[in-house]
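Below, read A as the first sequence line, B as the second, and so on, with proteins coming before strands; counting in each chain starts at 1.
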2 protein chains.
Amino acid sequence: MFGARVPRHRSSSGRCPVLAVDGASSLTEQVIESVREAIHSGELRPGELYSVYRLAAQLNVSRTPVREAMLRLAEAGMVRFERSRGFRVLRRDPREIAEVFHLRLLLEVPAARIAAGRADPALVEAMRAELDAMRAAAGDHDEPRFMRHDRAFHELLLTAGANRKLVSVVGNLRDATMTLGASTLDRSRALADIAAEHEPILTAVEAGDADATGRAMRSHIAHTGELLLAQATAENGVAAAPEDVDLIHST
Amino acid sequence: MFGARVPRHRSSSGRCPVLAVDGASSLTEQVIESVREAIHSGELRPGELYSVYRLAAQLNVSRTPVREAMLRLAEAGMVRFERSRGFRVLRRDPREIAEVFHLRLLLEVPAARIAAGRADPALVEAMRAELDAMRAAAGDHDEPRFMRHDRAFHELLLTAGANRKLVSVVGNLRDATMTLGASTLDRSRALADIAAEHEPILTAVEAGDADATGRAMRSHIAHTGELLLAQATAENGVAAAPEDVDLIHST
DNA sequence: ATCTGGCATGTAGCATGCTGCATGTCAACG
DNA sequence: CGTTGACATGCAGCATGCTACATGCCAGAT
């Protein structure tokens with residue numbers, strides 16, 4: 001299990017004197033991160049019942065930060081509390097994946113168009129750096145690292161779109177899809193493909209071409225959505241519902 | 001102050017035996033609602049420092065549910081914790097209003113178009129009922145009631161658009177703007193105006209005309225955004241930044 | 001064999017004690 | 001009069017005790 005990742009506290013009460021391991025300031029945030037990873041890695045399985053008690057014991061912290069962490073995850077829809085029984089990791093159904101990508105299309109395409117109108121050499125350079133990092137991560141089959149740089153690439157562009165709220169909403173949407181079980185598909189190929197899709201986006205931004213940027217972004221997000229949708233349906237052992245696929249393309 | 005709104009607990013520890021007052025199941029949720037209202041009514045003012053300690057005493061509950069409530073509000077961006085100092089109600093700057101309405105345009109207009117294609121007599125009837133209730137509330141100058149029905153009207157339409165995630169995201173965006181101080185503008189007129197703007201939306205939906213529905217929704221949301229933006233700038237005593245106004249119309 | 005009721009077990013939720021820390025205050029010192 | 005530094009105050013954050021409740025299990029009754 002993922003025990004003892006969080007620093008040990010003193011025998012009795014009192015603030016933990018160990019400096020923050022993650023750079024995260026509070027125990028609660030560290031627990032959130034641990035649980036996120038545990039879900040992503042499959043240590044915490046959807047559908048199963050868990051309890052704050054046991055989790056706290058495994059993580060070597062008291063129940064309070066665990067409880068607060070789970071409450072926040074519950075609010076994000078990753079988990080559901082059941083009164084007097086425990087909490088359950090929610091299963092990501094394909095429907096939800098489709099919905100998230102529908103929203104990302106609605107938000108990120110216009111944002112990218114706006115950002116393209118404000119092409120800035122520094123921005124382009126930063127995005128190029130992230131794209132290179134993505135390719136490197138794809139080569140190493142390092143999915144977590146790939147996801148980080150993918151996210152950074154998109155955030156750079158969105159931030160240039162100058163709507164902070166939009167950036168945070170899209171960030172939450174990404175979080176919602178990052179909790180799929182570990183992807184065991186032929187990621188090696190898929191990662192490289194996805195990285196390649198970012199090239200036309202960057203080119204269009206560099207040229208200050210809003211239309212082209214929008215088109216490139218649309219096709220990239222739609223494609224990513226299809227990949228994840230296929231993966232999710234495969235995990236659940238069902239076929240992808242046509243209306244879910246349509247939802248992604250209904251923009 | 002808003003003390004003693006939450007049921008009194010027993011002298012020492014133990015679960016509060018009083019049945020839930022609000023219909024809300026947990027104390028935490030009741031506190032959230034109390035604080036929401038207090039912010040909206042001006043009892044809790046932006047910029048001021050408050051503490052979980054004092055708030056818990058005023059509400060007659062222990063610190064835990066208050067803390068949890070404030071953490072959730074902090075995550076929603078309504079409040080910010082400052083280490084070892086307390087928490088602060090955040091001021092809604094005009095910029096944020098503009099951003100929220102920009103997002104609502106990006107999301108609600110397409111959603112309304114989709115929903116219009118699935119016009120359903122029951123839906124139209126339900127929306128008409130909400131619209132009537134809005135007009136009645138506007139007549140009574142009952143802003144909270146008006147807001148409830150306004151929200152219900154939009155949610156009916158969005159739900160018909162068949163993207164649950166979109167409904168919840170838009171709901172969060174609404175929450176983010178509902179924390180403006182009590183509006184003391186000539187609401188009486190503004191409320192009636194806003195209600196009237198819903199009529200063309202309803203008509204277009206009834207006709208199953210996606211284009212018209214989208215246009216009506218766009219102009220309604222843009223107008224509402226302008227109103228709130230003007231109100232926010234008036235509160236802060238500054239003029240509305242042109243780029244904020246542009247943001248709303250940049251869709 | 002089937003039903004039933006009480007009890008053991010484990011849980012969420014709330015109350016409360018405790019600690020380190022940020023800040024304000026004020027006295028002693030330059 | 002300005003500076004500094006020890007102390008008082010009040011805070012968030014964590015640990016932990018306690019209660020009501022949901023559920024499973026098993027003994028005893030039918």
I'd like to check the side chain to side chain contact (heavy atoms under 4.5 Å, CB included) partners of [X]; sequence neighbours left out, ordered by chain and number.
X: B:L71; answer: A:E68, B:R67, B:F81
X: A:P46; answer: A:V89, A:R91
X: B:R151; answer: B:E155, B:R174, B:D175, B:M178

message: I want to check something: taking the side chain as every heavy atom from C-beta on, are A:T64 and A:T28 in contact at a cut-off of under 4.5 Å?
response: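 A side-chain contact is absent here, since even the closest heavy-atom pair is not under 4.5 Å.
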
query: Heavy-atom distance under 4.5 Å between the side chains of A:I114 and B:H102, does that happen here?
result: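 Side chain of A:I114 against side chain of B:H102, heavy atoms only: contact under 4.5 Å found.
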
Short heteroatom pairs, N/O only, protein and nucleotides 9-11 of chain C, under 3.5 Å:
residue : atom : partner : partner atom : Å
C:dT11  : OP1  : A:S51   : OG           : 3.1
C:dT11  : OP1  : A:R54   : NH1          : 2.5
C:dT11  : O3'  : A:G86   : N            : 3.3

Under 4.0 Å from OP1 or OP2 of [N]: is there any side-chain N or O of [X] that close?
X: A:S62; N: D:dA15; answer: yes
X: A:T28; N: D:dC14; answer: yes
X: A:R67; N: C:dG13; answer: yes

Check the distance between [N]'s [atom2] and [X]'s [atom1] and give it to me in whole angstrom.
X: A:E68; N: D:dG13; atom1: CD; atom2: P; answer: 8 Å
X: A:F81; N: C:dC14; atom1: CZ; atom2: C1'; answer: 14 Å
X: B:M70; N: C:dC14; atom1: CE; atom2: C1'; answer: 18 Å
X: B:L27; N: D:dC18; atom1: CG; atom2: C1'; answer: 15 Å
X: A:L71; N: C:dA12; atom1: CG; atom2: P; answer: 10 Å
X: A:R88; N: C:dA12; atom1: CZ; atom2: P; answer: 12 Å
X: B:L59; N: C:dA15; atom1: CG; atom2: P; answer: 11 Å
X: B:I32; N: C:dC14; atom1: CD1; atom2: P; answer: 11 Å

- request: Would you mind checking if B:R72 and A:E75 are paired as a salt bridge, meaning a charged N to carboxylate O distance below 4.0 Å?
  value: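 So A:E75 pairs with B:R72 through a salt bridge.
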
Enumerate all atom pairs, one protein N or O and one N or O from nucleotides 7-9 of chain D, separated by less than 3.5 Å.
none

task: Measure across B:A112 and B:L157 and return the closest heavy-atom pair with its distance rounded to 0.1 Å.
output: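 That closest heavy-atom pairing would be CB-CD2, 3.8 Å.
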
query: Taking only residues two or more places apart in sequence or in another chain, which ones pass side-chain hydrogen bond (donor to acceptor under 3.5 Å, both in side chains) with A:D142?
result: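 Counting only residues at least two positions away or on another chain, A:D142 forms a side-chain hydrogen bond (donor to acceptor under 3.5 Å, both in side chains) with A:R145.
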
- prompt: Does the ring of B:Y53 carry B:R63 above it, NZ/CZ under 6.0 angstrom from centre and within 45° of its axis?
  reply: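 Verdict for B:Y53: a cation-pi partner in B:R63.
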
